[in-house]
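The structure appears right after this line, and notes come after that.
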Amino acid sequence: MTGVGTRGTPGRPDGKSGRVVVLGATGFVGRHASAALEAAGHEVLAVARQPGKISASCRFHPMDLVADGPRALAELIDEERPAVVVNAAGVAWTSSETQLRQGNQLLVDRLLTALDEASWRPRLIHLGTVHEYEPQASGAALVEDSPTRPVTPYGRSKLLGTQALLESVRQGRVDALVLRVSNMIGAGIPPGSLLGRIAQQLHADRGTREPVEIRIPPLRSSRDFVDAEDASEAIVAAVAAPEVTGRIVNIGSGESVQVRAMVNLLITASGRAARVLDDPGGTVGTTTDADVMRVDITAARELLGWSPRRRPEQSMRDLWQAVAAG
């Protein structure tokens, strides 16, 4: 299997510097990943359909990874000769199964075809999701060999992409690592998410002295939330560990926090008075995943030397400050 450093790949052999192509670089995950990679000394080429909020020092290359086809990406890889490609592209906050399949399954198929067609062979770091796993019994932590029978369209579409990638690894076609990331939170979280929607509502109603009424579905579940900056540091650690390849590594906080508690932390960070009302007919933030989700991050600690550092309180302050700043 081809590894980083072959064919004169630019950058130091230890992977701590060099060119990195970030796919989906203007999205929530991609922006944080690009910033962390730049801070670690990497030259970042940001690839996305539309320009967005990225560092001024990042070069930007417009590309629709699905519509433009694999040849366009293969040519870009041969021209840029990156040491690593980070796939942070994908679709999450939509109810359309067609969009999920295109953004999470077909996109990976296009990416793998591009890597086959390119003469240059970068290492690939693919960002999966813990929602690819089968829901576990309450209290049980998700480990890398937990069953993968997802119960949501999002989880199923992401799993199909991961399976295609791992099959390419088994065939020796690609040198890749999958990071299965838990529920990411922090500055720039999409407004389609539960916490993003609540933050937008708190900001929109900031001109009134009355308590903000927030109607959300009953929140009885607990989730493993990982700060976006922590998750991005895990990506940097993976780039710097070329010997860790051909496998899945879970990235999360290692803790399970009630979703309702996260909502309360966000309200506190906003400084607003608010009343949270249960709306049994609501749809935002509902899921058929397990009531309690927690991720085992032992492998990330042992293989990547990575551990999360930021607490949910800080993540909610960052989220609110970004919304308040516009």
Side-chain angles (χ1 to χ4, degrees), residues 1 22-24 27-30 33 47-49 63-74 85-118 122-136 142-184 190 192-193 223-224 231 235 238 245-252 286-290 293 295 299:
M1 187 179 300
V22 178
L23 306 179
F28 172 49
V29 181
V47 176
R49 286 178 296 179
M63 182 180 294
D64 186 320
L65 297 170
V66 174
D68 292 348
R71 186 68 244 162
L73 180 57
V85 172
V86 174
N87 181 28
V91 176
W93 304 108
T94 176
S95 59
S96 167
E97 293 197 31
T98 298
Q99 290 177 320
L100 289 168
R101 286 195 300 271
Q102 289 180 341
N104 297 327
Q105 179 187 358
L106 182 58
L107 185 146
V108 173
D109 289 342
R110 295 277 199 271
L111 170 57
L112 294 174
T113 300
L115 292 172
D116 282 340
E117 293 183 1
R123 183 163 170 256
L124 173 62
I125 296 175
H126 172 72
L127 304 186
T129 173
V130 295
H131 295 282
E132 296 173 34
Y133 291 116
E134 178 183 54
Q136 298 296 288
L142 291 165
V143 295
E144 283 78 4
D145 60 358
S146 291
T148 49
R149 286 187 286 272
V151 294
T152 64
Y154 170 64
R156 288 192 291 270
S157 67
K158 289 291 289 185
L159 177 60
L160 289 169
T162 294
Q163 288 173 333
L165 186 148
L166 292 177
E167 180 59 28
S168 290
V169 170
R170 283 189 288 270
Q171 294 173 1
R173 293 165 50 200
V174 64
D175 175 10
L177 173 67
V178 177
L179 301 182
R180 273 201 177 130
V181 185
S182 66
N183 302 273
M184 278 183 57
S193 67
R223 292 285 178 267
D224 187 314
I235 295 169
T245 187
R247 60 178 298 157
I248 293 167
V249 177
N250 287 339
I251 303 298
T286 59
T287 179
T288 55
D289 275 341
M293 178 183 288
V295 179

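Keep in mind that this is a model prediction, so the values were computed, not measured.
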| request: Could you check I235 against L179 for side chain to side chain contact (heavy atoms under 4.5 Å, CB included), going step by step and ending with a plain yes or no? | output: CA-CA 8 Å; I235 295 169; L179 301 182; 4.0 Å; yes

| said: I'd like to know whether V91 forms a side chain to side chain contact (heavy atoms under 4.5 Å, CB included) with Q102, so could you lay out the CA-CA distance, the side-chain angles of the two residues, the decisive distance to 0.1 Å, and finally the verdict. | reply: CA-CA 8 Å; V91 176; Q102 289 180 341; over 6 Å; no

| query | Q136 side chain to E134 main-chain N or O, any donor-acceptor pair under 3.5 Å? | reply | yes

| query | How close do E144 and I248 get, heavy atom to heavy atom, and via which atoms? | reply | CG-O, 3.1 Å

| task | Check whether any side-chain N or O of N250 sits under 3.5 Å from a backbone N or O of V295 as a donor-acceptor pair, and report yes or no. | result | no

| said: How long is the straight-line distance from CD of Q105 back to CD of E97, given to the nearest 0.5 Å? | reply: 11.5 Å

| said: What I want to check is whether the side chains of E167 and Q171 have a donor and an acceptor closer together than 3.5 Å. | reply: yes

| field | Residue pair R71 / E117, side-chain heavy-atom distance below 4.5 Å | value | yes

| remark: Correct closest heavy-atom pair for R149 and P135 would be O-CD, 4.1 Å

| field | Atom of A299, atom of V249 and distance for their closest heavy-atom approach | value | C-CG1, 4.2 Å

| request: Look up atom CG in L106 and atom OG1 in T98, then write down how far apart they are to the nearest 0.5 Å. | output: 11.5 Å

| request: Examine distances only and state if a side-chain atom of N183 and a backbone atom of R223 form a donor-acceptor pair shorter than 3.5 Å. | output: no

| request: Look up atom CG in L160 and atom CG in L100, then write down how far apart they are to the nearest 0.5 Å. | output: 11.0 Å

| Are any non-hydrogen side-chain atoms of T129 and N104 less than 4.5 angstrom apart? | no

| note | Heavy-atom closest pair (G30 atom, V22 atom, distance to 0.1 Å) is O-CG1, 4.2 Å

| query | Which heavy atom in S182 sits nearest to a heavy atom in V130, and how many Å separate them? | reply | CA-CG2, 3.5 Å

| field | Test log, rule side chain to side chain contact (heavy atoms under 4.5 Å, CB included), inputs R110 and D68 | value | CA-CA 9 Å; R110 295 277 199 271; D68 292 348; over 6 Å; no

| field | Shortest non-hydrogen contact between L177 and A238, atoms and distance | value | CD2-CB, 3.7 Å

| said: Does V85 form a side chain to side chain contact (heavy atoms under 4.5 Å, CB included) with L73? I'd like the steps, not just the answer. | reply: CA-CA 11 Å; V85 172; L73 180 57; over 6 Å; no

| task | Using a strict cut-off of less than 4.0 Å between a Lys/Arg side-chain nitrogen and an Asp/Glu carboxylate oxygen, indicate whether R180 and E132 qualify as a salt bridge. | result | yes

| What distance do Y133 atom OH and D145 atom CG have between them, rounded to the nearest 0.5 Å? | 8.0 Å

| said: Could you measure the distance from the CZ atom of R156 to the NZ atom of K158? Nearest 0.5 Å is fine. | reply: 15.0 Å

| field | Distance (rounded to the nearest 0.5 Å) between D109 CG and L65 CG | value | 12.5 Å

